[in-house]
Protein chains: 2
Amino acid sequence: MTTTEGLTEGLEDLPFNVFAKACPSRGTLEHVTGRWGGLALGALYEGSLRFNELRRRVDGVSEKMLSQTLHALERDGLVHREAQPTNPPRVDYELTPLGRDVAERLLALIHFVEGSMEQVLAARERYDSAKA
Amino acid sequence: MTTTEGLTEGLEDLPFNVFAKACPSRGTLEHVTGRWGGLALGALYEGSLRFNELRRRVDGVSEKMLSQTLHALERDGLVHREAQPTNPPRVDYELTPLGRDVAERLLALIHFVEGSMEQVLAARERYDSAKA
DNA sequence: GGCTGCGCTAACTTTTGGTTAGCGCAATCT
DNA sequence: AGATTGCGCTAACCAAAAGTTAGCGCAGCC
């Protein structure tokens with residue numbers, strides 16, 4: 001893309017390829033699918049939320065991680081951050097159009113996994129009892 | 001589900017909910033969307049592969065992590081592992097039907113992200129130059 | 001007038017991920 | 001013939017990421 005890169009050997013037709021170690025898409029994918037990134041995007045899909053609202057929605061996330069995660073997503077252009085310099089500060093987060101598109105795909109995956117959990121748990125029991 | 005569980009407080013209608021800290025679906029989602037889980041599923045979508053074939057495909061993964069990742073996916077019933085006790089050992093991995101369904105959704109997300117990378121990179125430049 | 005909530009950030013600890021080395025044997029090069 | 005590489009791991013160790021705790025300054029509530 002930029003100038004000097006040899007990281008798409010054998011895949012010249014596709015500009016970006018997650019399977020290549022140095023491809024920037026891998027980093028973005030990690031932001032999106034990371035432990036908290038996915039849940040944050042999922043929660044924001046229903047509408048804009050303030051920081052602590054989001055925090056309560058995403059059960060178990062620490063302030064540090066949520067803040068970090070949101071900054072990464074904002075930098076990648078998936079989330080828009082609107083801070084009002086009032087006191088106490090009010091900061092709203094909402095998905096950008098690109099973020100919505102990503103969140104849709106993500107939610108399709110999330111909901112599918114949720115819906116498959118019985119199968120998954122059954123598979124685990126089989127696996128564990130076979131190995132025991 | 002099994003017998004004694006009180007982890008879906010306030011969401012009785014949905015059996016599993018990733019947003020709840022203790023929900024087992026969160027763990028499975030992490031296996032699926034984790035750094036290597038996603039790439040492994042993506043690579044296996046094209047067909048069954050041996051351990052080291054997979055390792056070469058997923059650029060940058062260590063043997064330890066790949067092995068670990070595959071075991072988790074196997075336990076969750078997404079990947080089938082077929083080991084032949086020959087020497088040198090031959091171990092083939094392939095997706096289960098459930099794994100295919102998951103991989104399809106995942107690939108939709110992955111390909112969308114790959115296709116959006118120019119926008120993402122542009123957003124990053126904007127963000128970085130604004131903050132500088 | 002003391003307490004909580006707001007949205008963070010800095011310092012520290014724990015957990016996780018990653019790296020290196022080795023395993024025993026078979027097929028492949030020299 | 002002898003050395004070298006590849007196979008699919010695992011154990012031991014080390015670096016990086018995530019989690020935890022504390023604190024910020026002010027506004028509104030009790």
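In what follows, chains are A, B, ... by sequence order, proteins preceding strands, each numbered from 1.
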Original post:
Rounded to whole angstrom units, what separation is found between the CG atom of B/L66 and the P atom of C/dT19?
Top reply: 13 Å

Original post:
How long is the line joining CZ of B/R56 and C1' of D/dT5, in whole Å?
Top reply: 12 Å

Subject >> B/E125, CD: over 12 other non-hydrogen atoms inside 6.0 angstrom >> reply: no

**OP:** Keeping the roles fixed (side chain from B/E94, backbone from B/G47), state whether a donor-acceptor pair exists under 3.5 Å.
**Re:** no

Original post:
Do any side-chain nitrogens or oxygens of A/R55 fall under 4.0 Å of OP1 or OP2 in C/dG7?
Top reply: no

**OP:** Output yes when a side-chain donor or acceptor of B/D59 lies under 3.5 Å from a complementary backbone atom of A/K21, and no otherwise.
**Re:** yes

Pairs: protein N or O with nucleotides 11-13 of chain D N or O, under 3.5 Å:
none

Subject >> Exercise: identify the closest heavy-atom pair between A/L54 and A/A40 >> reply: CD1-O, 4.3 Å

Original post:
B/E53 CD to D/dG8 P: how many Å, rounded?
Top reply: 8 Å

**OP:** Kindly give the heavy-atom pair with the smallest separation between A/L41 and A/V79, and that separation in Å.
**Re:** CD2-CG2, 4.0 Å

**OP:** Can you sort out which residues in residues 69-94 of chain B have a heavy atom within less than 4.0 Å of DNA chain C? Ascending by number, please.
**Re:** B/N87, B/P88

Original post:
Are OP1 or OP2 of D/dA18 and a side-chain N or O of A/R35 less than 4.0 angstrom apart?
Top reply: no

**OP:** Would you please confirm or rule out a distance under 4.0 Å between OP1 or OP2 of C/dG18 and any side-chain N or O of B/W36?
**Re:** yes

Original post:
For the side chain of A/T28 and the backbone of A/S25, is there at least one donor-acceptor N/O pair under 3.5 Å apart?
Top reply: no

Original post:
At their closest point, which heavy atom of A/F19 faces which heavy atom of A/R26, and how far apart are they?
Top reply: O-NH2, 3.0 Å

Subject >> For atom CD of B/E30 and atom P of C/dG17, their distance in whole Å >> reply: 9 Å

**OP:** Any side chain to side chain donor-acceptor pair (under 3.5 Å) involving residues 65-84 of chain A? Give me the pairs, sequence neighbours left out, ordered by first then second residue.
**Re:** A/H31-A/D76, A/R75-B/D128, A/D76-B/R124, A/H80-A/E82, A/R81-A/Y93

Original post:
When the distance from CD of A/Q68 to C1' of C/dG7 is rounded to whole Å, what number comes out?
Top reply: 15 Å

**OP:** Taking only Lys NZ, Arg NE, NH1 and NH2, and the carboxylate oxygens of Asp or Glu, determine whether A/D92 and A/R90 approach each other closer than 4.0 Å.
**Re:** yes

**OP:** Describe the nucleic acid contact of B/S62 in one word from base, sugar-phosphate, nothing, applying a heavy-atom distance below 4.0 Å.
**Re:** base

